[in-house]
Amino acid sequence: MSVNVLVTGGAGYIGSHACKALRVAGYNPVAYDNLSSGHEWAVKWGPLERGDILDFTRLIEVLNCYKPLAVMHFAGLIAVGESVEHPERYYRNNVIGSLSLLQAMREVGVNNVIFSSTAAVYGLPKEAPINETSLEKPINPYGETKLIVERVLRDFGVAYGLNWTALRYFNAAGADPASETGEAHDPETHLIPIIIESIQGKRDRLTVYGADYDTPDGTCIRDYIHVSDLADAHVAALNRLRRGGSSGSYNLGNGAGFSVREVINTAQTVTGKIVPVTYGARRRGDPAVLVADASRATHELSWRPKISSLDEIIRTAWAWHSRTWI
Ligand code: UDP
């Protein structure tokens, strides 16, 4: 019988890809999701248990039922702009929700957790690429909540022996190469799906947020990392904890930066279509350059991205957004 892993947010974008990666690695992924932004159709590799991470009783019930070896914790709110407008939602869901989960895990005796963190913990970094020793200085409530949870994990590790890994994603992008799951946010705020929706006529155009940055072409540079590679890193982190590896935080990125203009050009090449573009003001809180130094993950998790070219990443996103089901 395969080992159970509880995946909070398992019906979401990265969570559903993690469920697939867990299944491929021989685990039984149990998606725990309140379906507030996740999708029932994205749960294909194990059971779905509806529930909220703030619902302690429900968490205890599900944990007792499956007795998972570990929890992968993706559930949370992810929109930077919304976190500035409604910080209460972010502190409640992301911080109190994570505390509720960790408390339930303690009660049931589940001692391993892989946490979905973010490059937003670095705020406006001075250097590129960024490694894990860089200053952690979030500039919005979203990044704050993720960093607070990392601190909680560290302190629970010291006090209660919790084994934890926090994975700091740079720009998650692309979709499952078999198009079995993919990105479906509502509203969509991310660059690559917005480019694709603009090509498909589902929206008027892409607005580029600022072309006056101190970068070679004036637009922001990001490190786009394929969502299936992120998913594989979670499995690698879990296997490392199972082997008795130490707890810690890891950057996950390709180590290569692409400007918004480069992403648009690549999307045009991949799809053979023109992206309707307009140039607008900068978006608040966007650093000019965010590129990962992921060498810690390479060495300690033995992880390396497989779908590392931007071209391939966009190709999988295009295939997903061109699918005919749902
Ligand atoms: N971006 C943009 N127009 C959009 C959405 C994003 O110009 O409609 C830019 C954004 O300013 C950033 C990059 O694309 O430089 C990636 O943004 P995204 O929201 O995808 O991810 P983030 O970097 O905020 O995590």
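As the structure lists them, so they are numbered: ligands from 1, and atoms in each ligand from 1.
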Next on the checklist: So that I know where these two stand, are Y169 and H234 an aromatic pair - ring centroids less than 6.0 Å apart?
Outcome noted: yes
Next on the checklist: Any nitrogen or oxygen of R283, side chain or backbone, less than 3.5 Å from one on ligand 1?
Outcome noted: yes
Next on the checklist: Strictly distance-based, threshold 3.5 Å: is any side-chain N or O of D229 a donor or acceptor partner for the main-chain N or O of I307?
Outcome noted: yes
Checklist entry - Would you say Y224 has any N or O atom under 3.5 Å from an N or O of ligand 1, going by distance alone? => result no
Checklist entry - H86 and Y90: aromatic ring centres closer than 6.0 Å? => result no
Next on the checklist: If you define the side chain from C-beta out and look only at heavy atoms, does anything of P138 sit under 4.5 Å from K146?
Outcome noted: no
Next on the checklist: Taking E180 first and then K44, would you say they form a salt bridge - that is, a charged N and a carboxylate O separated by under 4.0 Å?
Outcome noted: no
Item to check | Nearest neighbour in protein (non-hydrogen) for atom 9 (C) of ligand 1 | outcome: V260 CG2, 3.8 Å
Next on the checklist: Using a 4.0 Å cut-off to any heavy atom of V208, which atoms of ligand 1 qualify?
Outcome noted: 7 (O)
Checklist entry - Identify the closest protein heavy atom to atom 11 (O) of ligand 1: which residue and atom is it, and at what distance? => result D286 OD2, 2.6 Å
Item to check | Sub-4.0 Å atoms of ligand 1 with respect to non-hydrogen atoms of T189 | outcome: 5 (C), 19 (O)
Checklist entry - Using 4.0 Å as the upper bound for N to carboxylate O, is an ion pair formed by R58 and E49? => result yes
Checklist entry - In terms of atom number and element, which parts of ligand 1 are under 4.0 angstrom from non-hydrogen atoms of H190? => result 18 (P), 19 (O), 20 (O), 21 (O)
Checklist entry - What protein heavy atom is closest to atom 2 (C) of ligand 1, reported as residue, atom name and distance in Å? => result Y209 CD1, 3.4 Å
Checklist entry - Which of the numbered atoms in ligand 1 are below 4.0 angstrom from a heavy atom of L206? => result 3 (N), 4 (C), 8 (O)
Checklist entry - Which option, N171, L191, T207, owns the non-hydrogen atom nearest atom 3 (N) of ligand 1? => result T207
Checklist entry - Under 4.0 Å between a Lys/Arg side-chain N and an Asp/Glu carboxylate O for E188 and K202? => result no
Item to check | Which of the ligand 1 atoms, numbered from 1, are nearer than 4.0 Å to a heavy atom of I194 | outcome: 8 (O)
Next on the checklist: Return the closest protein heavy atom for atom 15 (O) of ligand 1 as residue, atom name and distance.
Outcome noted: C220 CB, 2.9 Å
Item to check | NZ or CZ of R315 within 45° of W318 ring axis and under 6.0 Å | outcome: no
